[in-house]
Trainee: 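Below is one structure. I have some questions about it.
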Amino acid sequence: MSEERSLNFIEEIIENDLNSGKYATLITRFPPEPNGYLHIGHAKAICLNFGLTKKYGGYTNLRFDDTNPVTEKTEYVNSQQEDIKWLGFQWKNELYTSDYFDTLYDYAVDLIKKDLAYVDHSTAEEIAALKGTPTEPGIGSTYRNRSVEENLDLFSRMKNGEFEDGICTLRAKIDMASPNMLMRDPILYRIKHAAHHRTGDKWCIYPMYDFAHGQSDSMETITHSICTLEYVSHRELYDWLIEKLGIFPSKQYEFARLNLSYTVMSKRKLLQLVNEDFVSGWNDPRMPTISGLRRRGYTPESIREFCDRIGIAKRENLIELGLLEFCVREHLNKTATRVMAVLDPIKLVITNYQKDQTEILIGENNPEAEDKGGTREIPFSNELWIEREDFMEEPAKKWFRLAPGSMVRLKHAYIVKCEDFKKDAEGNVTEIHCTYIPDTKSGADTSGINVKGTIHWVSRQHAKNAEIRLYDRLFTVESPDAEEGDFKDYLNPNSIEVIKQAYIEPYMSNASKDIRYQFIRKGYYCLDDDSTPELLIFNRTVSLKDAWAKTNK
RNA sequence: UGCCCGAUAGUAUAAAGGUAGUACAACGGUUUUUGGUACCGUUUGUCUAGGUUCGAAUCCUGGUCGGGCAACCA
């Protein structure tokens, strides 16, 4: 490790705790609620929690925070596990908050016995009304002074199913005048006659997040419980419960969640996009979910690198989408197999190349790789497909692709000179006629001719057809959450473009989902899940940087 | 009008009282059989007003701005 990276504030805390001997082993946890798919924001938390124990030793638990049976599903548990593994991390223990329901119940009884909790028969509305506001203190419920015996009895009857949903709750008895709203007698348990994805019908009362999270951390002797900023004000309650219960003192630390430009990151909003069919599902390649990014062609390495680069701090942030794209380009540049594909084809005829002749050319698969990634055979003939945008009837300044009279190199092949072109009635160019220069063959060029432009191509008679899906940002504005009105008003209508008729090298008939491809001069692509041997379908992960498009703007 | 967090180039993130640095972006250049990659260079910053100090991004005080807090969600 030669590169010295400075520590983030959590690493500083951990190093201090480890050096001072406060803890011998670092233990963290990643605690998703199984009520949706994991997204890139979760990836930040995953990389943080797992990365810390990878760096300092110790281990990380995966704990599903499943205290609300009505929103949670096993489908989500499975997808979340798959995503974490795919990102490259392995948890020590697979745990569920629901594993602790018995202990949590005992903790509640303990609190009641200490006269620190009571059963409240107020309605939700009454509780809200008596809660006060941030600027005015709340008022104690009339049930606040029930005796310990009565509370014990009522709480066990709650557990036994004697009450309907919403009839009563168990509340902590703390301070209705606290400046921290969460300390105004927070609800600890509520009644929900709902089947739980793991405990089934065993329980009809479920603990609230605040009565489950800290104690679960404590039971697992989590040394550093890391969460996002919105839990800062929960920390006082977290500490209060641990202290009153006299259990292992896990400590909570908060960092700023990830916000990514041109997307939304809340599970609620992502679920809405899925449910209302704005996208094809949680793993739509335009989604910022881990599964969406995976299908889009992002690699775990690139996502980890991204999480590393964005850093960990406490200030609100909005990361530019460009950084994520940089990270995936950086990784794919080193690893992707280069092939040629023509997305918007126009016919190029080489008039001095023999009609029935086919020549096999050799192409390096990856000039960035040590062994050049091996080579492949590329058939060449007198009729090719080239990219429509690589020809300009009236060339712009500094244009060094094809134009009447100009020369370009055909990648891996010969230099050709444009002699003529044809147009249809509407004025669209339909065909380009060139002559090739025989002694300019790639790797054996003895001509001494130098051309500035190199373009990609596919032999017309050998080309495979492919469908190509181009993606763009999901939203038209940087921060859809911050805009007026509904975030869906800002969906990008052009976030997907499907090209039905693209041509690709015959080599790609053996394309694999495990291999990432660079379509030379175009971008990085991967085989989509919808692809079949009969119809190859590719997703554009990200385009290549295009300096020409920029200067031309 | 309460409490809590925060504020360093366009975006992120360092500097633990002592030269404001790094990455991405932008701009310019070199190399190049991908207008890609690689490499080199340039521009741009401590929210504000006081105070402490030989010296403040850092410590203190006031202000400003941004975010969070009044779910039987997590």
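Below, chains carry the letters A, B, ... as their sequence lines are ordered, and counting in each starts from 1.
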Trainee: When we call it a touch if two heavy atoms are under 4.0 Å apart, what does E236(A) touch: a base, just sugar-phosphate, or nothing?
Mentor: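 Counting heavy atoms under 4.0 Å across all strands, no contact is made by E236(A).
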
Trainee: Donor-acceptor pair under 3.5 Å: do we get one between S442(A)'s side chain and the base of U33(B)?
Mentor: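 Side chain to base: pair found, below 3.5 Å.
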
Trainee: Before accepting this row, confirm whether a basic side-chain N of the pair D217(A)/K251(A) lies closer than 4.0 Å to the acidic partner's carboxylate O.
Mentor: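 No, no charged N to carboxylate O under 4.0 Å.
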
Trainee: Does U33(B) have its OP1 or OP2 closer than 4.0 Å to a side-chain nitrogen or oxygen of K441(A)?
Mentor: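 No.
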
Trainee: So what does I310(A) hit on the nucleic acid, given a heavy-atom distance under 4.0 Å: a base, only sugar-phosphate, or nothing?
Mentor: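 Sugar-phosphate contact only - I310(A) comes under 4.0 Å of backbone atoms but never of a base.
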
Trainee: Look at the side chain of E254(A) against the base of G68(B) and say whether a donor-acceptor pair falls under 3.5 Å; ignore hydrogens and angles.
Mentor: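 By the distance-only test, no, there is no pair.
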
Trainee: With a distance cut-off below 6.0 Å to the six-membered ring centre and an angular limit of 45° from the axis, does R198(A) pair with Y96(A) as a cation-pi contact?
Mentor: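 Yes.
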
Trainee: For A547(A) and for R235(A), find the nucleotide of RNA chain B with the closest heavy atom, then tell me which residue's nucleotide is more 5'.
Mentor: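 Per heavy-atom nearest nucleotide, the more 5' residue is R235(A).
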
Trainee: Taking the six-membered ring for Trp, are F380(A) and Y414(A) parallel (under 30°), tilted (30 to 60°) or perpendicular (over 60°)?
Mentor: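 Tilted: the ring planes of F380(A) and Y414(A) meet at 30° to 60°.
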
Trainee: What's the CD1-P distance between I226(A) and A74(B), to the nearest Å?
Mentor: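 About 21 Å, once rounded to whole Å.
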
Trainee: Below 3.5 Å, does any donor atom in the side chain of E320(A) face an acceptor in the base of G10(B), or the other way round?
Mentor: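 Such a pair exists between side chain and base.
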
Trainee: Using a heavy-atom cut-off of under 4.0 Å over every strand shown, decide if R329(A) touches base, sugar-phosphate, or nothing.
Mentor: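 Nothing: the residue R329(A), judged by heavy atoms under 4.0 Å, touches no strand.
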
Trainee: Please determine if E330(A) and R309(A) form a salt bridge, counting it only when a charged side-chain N lies under 4.0 Å from a carboxylate O.
Mentor: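 Judged by the 4.0 Å cut-off on N to carboxylate O distance, E330(A) and R309(A) do form a salt bridge.
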
Trainee: Within this structure, what is the CD-to-P distance between E364(A) and U37(B), rounded to whole angstrom?
Mentor: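 Those two atoms, CD and P, are 18 Å apart.
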
Trainee: Answer with base, sugar-phosphate or nothing: what part of the nucleic acid does E368(A) contact at a heavy-atom distance below 4.0 Å?
Mentor: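 If one applies the 4.0 Å heavy-atom cut-off, E368(A) turns out to touch a base.
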
Trainee: Distance check needed: A23(B) C1' versus N8(A) CG, whole Å only.
Mentor: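 Interatomic distance, CG of N8(A) to C1' of A23(B): 16 Å.
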
Trainee: Hey, does the Lys NZ or Arg CZ of K314(A) hover above the aromatic six-ring of F255(A), less than 6.0 Å from the centre and inside 45° of the axis?
Mentor: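 Pair K314(A)/F255(A) does not count as cation-pi.
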
Trainee: Does NZ or CZ of K417(A) lie under 6.0 Å from the centre of the six-membered ring of Y436(A), at an angle within 45° of the ring axis?
Mentor: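 Judged by the rule, K417(A) and Y436(A) form no cation-pi pair.
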
Trainee: Please measure how far the C1' atom in G35(B) lies from the corresponding atom in U48(B), and state the result in whole Å.
Mentor: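 46 Å, rounded to whole Å.
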
Trainee: Between the base of G35(B) and the side chain of R521(A), is there a donor-acceptor distance below 3.5 Å?
Mentor: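 Donor-acceptor pair under 3.5 Å: no.
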
Trainee: Stem list for RNA chain B, please, built from Watson-Crick and G-U wobble pairs under 3.5 Å and keeping only runs of at least 3.
Mentor: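 The stems that RNA chain B takes part in, listed by first number, are B:2-7 with B:64-69, B:10-13 with B:21-24, B:26-30 with B:38-42, B:47-51 with B:59-63.
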
Trainee: Within the structure shown, what part of the strands sits under 4.0 Å from G443(A) by heavy-atom distance: base, sugar-phosphate, or nothing?
Mentor: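 Since a base atom lies under 4.0 Å of G443(A), the category is base.
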
Trainee: Tell me whether the centres of the aromatic rings in F163(A) and H121(A) are closer together than 6.0 Å.
Mentor: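 Between F163(A) and H121(A), the centre distance is under 6.0 Å.
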
Trainee: Is any side-chain N of the basic residue among E359(A) and K441(A) closer than 4.0 Å to the acidic one's carboxylate O?
Mentor: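 Answer for the salt bridge query: yes.
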
Trainee: Can you give me the N/O atom pairs linking the protein to nucleotides 69-73 of chain B at distances under 3.5 Å, or say none if there are none?
Mentor:
| from | atom 1 | to | atom 2 | distance (Å) |
| --- | --- | --- | --- | --- |
| C72(B) | N4 | S122(A) | O | 3.3 |
| C72(B) | N4 | A124(A) | N | 3.4 |
| C72(B) | N4 | G166(A) | O | 2.9 |
| C73(B) | OP2 | R190(A) | NE | 3.1 |
| C73(B) | OP2 | R190(A) | NH2 | 2.8 |
| C73(B) | OP2 | K192(A) | NZ | 3.2 |
| C73(B) | O3' | R190(A) | NH2 | 3.1 |
| C73(B) | O2' | N68(A) | ND2 | 3.2 |

Trainee: Strictly below 4.0 Å: does R315(A) bring a side-chain N or O up to OP1 or OP2 of U13(B)?
Mentor: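 True: R315(A) side-chain N/O within range (under 4.0 Å) of U13(B) OP1/OP2.
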
Trainee: Expressed in whole Å, how much space separates the C1' atoms belonging to U53(B) and G17(B)?
Mentor: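 That atom pair is separated by 8 Å.
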
Trainee: May I have the distance from E325(A) (atom CD) to G36(B) (atom C1'), rounded to whole angstrom?
Mentor: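 Rounding to the nearest Å, CD of E325(A) and C1' of G36(B) are 15 Å apart.
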
Trainee: Decide if the gap between the ring center of H213(A) and the ring center of Y209(A) is smaller than 6.0 angstrom.
Mentor: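 Centroid distance H213(A)-Y209(A): below 6.0 Å, so yes.
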
Trainee: Indicate whether OP1 or OP2 belonging to A26(B) is found under 4.0 Å from a side-chain N or O atom of K550(A).
Mentor: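 K550(A) to A26(B) OP1/OP2: side-chain N or O found under 4.0 Å.
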
Trainee: In whole Å, what is the span from the NZ atom of K269(A) to the P atom of A74(B)?
Mentor: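 That distance rounds to 20 Å.
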
